Colleague: 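Here it is, the structure in full.
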2 protein chains.
Amino acid sequence: MTDGNDSQQSLLALDRQVCFALYSAQLAMSKVYRKLLRELGLTYPQYLVMLVLWEQDGQTVSGIGHRLFLDSATLTPLLKRLESAGLLQRQRSREDERQVAVVLTEQGHKLREQAEAVPESVMCATQCSPDELERLRDDLHNLRERLAT
Amino acid sequence: MTDGNDSQQSLLALDRQVCFALYSAQLAMSKVYRKLLRELGLTYPQYLVMLVLWEQDGQTVSGIGHRLFLDSATLTPLLKRLESAGLLQRQRSREDERQVAVVLTEQGHKLREQAEAVPESVMCATQCSPDELERLRDDLHNLRERLAT
DNA sequence: CTACATTAAATCGTGCGCTATTAAATAGCA
DNA sequence: TGCTATTTAATAGCGCACGATTTAATGTAG
């Protein structure tokens, strides 16, 4: 009953899983970014951190984490790599020494100019219309919010 | 022009990025699965491999990789963990000794019964209608195909 | 002022996912 | 036959992501 060649009808059929569609689309997307970001010297998660800092500089580790849904265990080593790449500096806050403020360097600010070209290249790689992409983006935001623990 | 408080209009604005929507939705989804799969003793990628094998047992490493868009560098250690958990066996093919066939054990087949409950739990966690989920899944499949290198 | 709780970041160990490389088996061809 | 090219897994090293713990600073009650 649960086996044999009815596998395409089973709720466990791989191609019916939203999770797998999400997983494999994300992997495919990150491959596109990897290629584009290589010339900027950034990985994909590093690029996301830079987006956050380009929007607002000087945020704390937890502030960045709140924005990206990541915690310090992920961010601390990542930020250290960006620091040793010369893109930012981590400095303990004077008012509350538990906090670490993350501040872009001149070089970090400058990298934004190169990054400006990335979104267009990605849009191109997707071969989707802006409308399609916006709809998908909104659907995904919606899903994430509903999944929030 | 490219700086200051027009960050919400910039093409680099985090919340406008499809990539970030995809990334964060995928992270949120995997957290849901992590919790559900813990009682099965599986991680999320391991669960995907089991789905592939429940659909068709005895596939080669590259066959599984082709299905999941992963290569042997990812799969080999993952399969070894599943093997040492007693869910499958890896055995070199007689006809072509370059290939390794992956065969479920009794225990591996049996785990499917427990897994049957997972999709429903996930659907529940998403708080989305089946129609919404199917549409999203198809959009994601579409995106992945267009991104294919 | 001390004792306890809370908060922020860092640290540790595990498991992907990728690039690049290696090793072994097979296929194709002179 | 002998040689090269291709195919299939495995391996090494790096960078996330996470659960769990640790350290240090701050807040608060007695």
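Below, chains carry the letters A, B, ... as their sequence lines are ordered, and counting in each starts from 1. Here the structure is a predicted model, which means the values were calculated and not measured.
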Colleague: Can you measure Arg38(B) atom CZ to dA17(D) atom C1' for me and round it to whole angstrom units?
Modeller: 14 Å

Colleague: With respect to the side chain of Pro45(A), which nucleotide from dA17(D), dA8(C), dG19(D) is positioned closest?
Modeller: dA17(D)

Colleague: In terms of side-chain heavy atoms of Leu27(B), which of dA17(D), dC18(C), dA24(C) is nearest?
Modeller: dA17(D)

Colleague: Among the nucleotides dA9(D), dA24(D), dT19(C), which one has an atom lying closest to any side-chain atom of Arg98(A)?
Modeller: dA24(D)

Colleague: Can a salt bridge be assigned to the pair Glu97(B) and Arg92(B) using a cut-off of 4.0 Å between side-chain N and carboxylate O?
Modeller: no

Colleague: Compare side-chain N and O positions of Arg90(B) against OP1 and OP2 of dA10(D) and report whether any pair is under 4.0 Å apart.
Modeller: yes

Colleague: Just how far, in rounded Å, is C1' of dA10(C) from CG of Leu78(A)?
Modeller: 14 Å

Colleague: To the nearest angstrom, how far is Leu70(B) atom CG from dA10(D) atom C1'?
Modeller: 16 Å

Colleague: Is it the case that Ser24(B) and Arg144(A) place a side-chain donor and acceptor less than 3.5 Å from each other?
Modeller: yes

Colleague: Would you check, one step at a time, whether the test side-chain contact (heavy atoms from CB on, under 4.5 Å) holds for Val102(A) with Thr60(A)?
Modeller: CA-CA 6 Å; Val102(A) 179; Thr60(A) 63; over 6 Å; no

Colleague: Would one find a side-chain N or O of Tyr44(B) under 4.0 angstrom from OP1 or OP2 of dC18(D)?
Modeller: no

Colleague: Describe the nucleic acid contact of Asp71(A) in one word from base, sugar-phosphate, nothing, applying a heavy-atom distance below 4.0 Å.
Modeller: nothing

Colleague: Quick one: is Ser72(B) getting a side-chain N or O under 4.0 Å of the dA9(D) phosphate, OP1 or OP2?
Modeller: no

Colleague: Whether Gln46(A) contacts dC16(D) is assessed here as follows: a side-chain N or O lying under 4.0 Å from the phosphate OP1 or OP2. Is that the case?
Modeller: yes

Colleague: With a 3.5 Å distance limit and no angle check, can you tell me whether Thr105(B) reaches the backbone of Leu87(B) through a side-chain donor-acceptor pair?
Modeller: yes

Colleague: The side chain of Thr74(B) lies closest to which of these nucleotides: dT26(C), dA17(D), dC16(C)?
Modeller: dC16(C)

Colleague: Report the distance from atom CZ of Arg92(B) to atom P of dT26(C), rounded to the nearest whole Å.
Modeller: 10 Å

Colleague: Tell me whether Glu134(A) is salt-bridged to Arg16(B), with the criterion being a basic N under 4.0 Å from an acidic carboxylate O.
Modeller: no

Colleague: Categorize Ser30(A) for me: base, sugar-phosphate, or nothing, with a 4.0 angstrom heavy-atom threshold over every strand shown.
Modeller: nothing

Colleague: Using whole Å, what does the distance between atom P of nucleotide dA9(D) and atom CD of Gln91(B) come to?
Modeller: 13 Å

Colleague: Of Ser93(B) and Ser62(A), whose nearest nucleotide on DNA chain C comes first from the 5' end?
Modeller: Ser62(A)

Colleague: Would you say a side-chain N or O of Arg81(A) is under 4.0 Å from OP1 or OP2 of dC16(D)?
Modeller: yes

Colleague: When the distance from CD of Gln99(A) to P of dG27(D) is rounded to whole Å, what number comes out?
Modeller: 10 Å

Colleague: If you check every side-chain atom of Asp96(A), which of dA10(D), dT26(D), dT26(C) has the closest atom?
Modeller: dT26(D)

Colleague: Are OP1 or OP2 of dA17(D) and a side-chain N or O of Arg34(B) less than 4.0 angstrom apart?
Modeller: no

Colleague: Is any NZ, NE, NH1 or NH2 atom of the basic residue among Arg112(A) and Glu116(A) found under 4.0 Å from an Asp or Glu carboxylate oxygen of the other?
Modeller: yes

Colleague: Taking CG from Leu37(A) and P from dC18(C), how many angstroms apart are they, rounded to a whole number?
Modeller: 15 Å

Colleague: Establish, with yes or no, whether the OP1 or OP2 oxygen of dC16(C) is under 4.0 angstrom from a side-chain nitrogen or oxygen of Thr43(B).
Modeller: yes

Colleague: Of Glu97(A) and Leu75(B), whose nearest nucleotide on DNA chain D comes first from the 5' end?
Modeller: Leu75(B)

Colleague: So Glu95(A), base contact, sugar-phosphate only, or nothing? Heavy-atom distance under 4.0 Å.
Modeller: sugar-phosphate

Colleague: Parallel, tilted or perpendicular: which one describes the rings of Tyr47(A) and Tyr33(A), with boundaries at 30° and 60°?
Modeller: tilted

Colleague: Would you indicate, yes or no, if dA10(D) has its OP1 or OP2 atom less than 4.0 angstrom from a side-chain nitrogen or oxygen of Thr76(B)?
Modeller: yes

Colleague: If you check the Val61(B) side chain, which of dA9(D), dC16(C), dT19(C) turns out closest?
Modeller: dA9(D)

Colleague: For Lys80(B) and dT11(D), is the shortest distance between a side-chain N/O and OP1 or OP2 below 4.0 Å?
Modeller: yes

Colleague: Rounded to whole Å, how long is the line connecting atom NE2 of His66(B) with atom C1' of dA9(D)?
Modeller: 17 Å

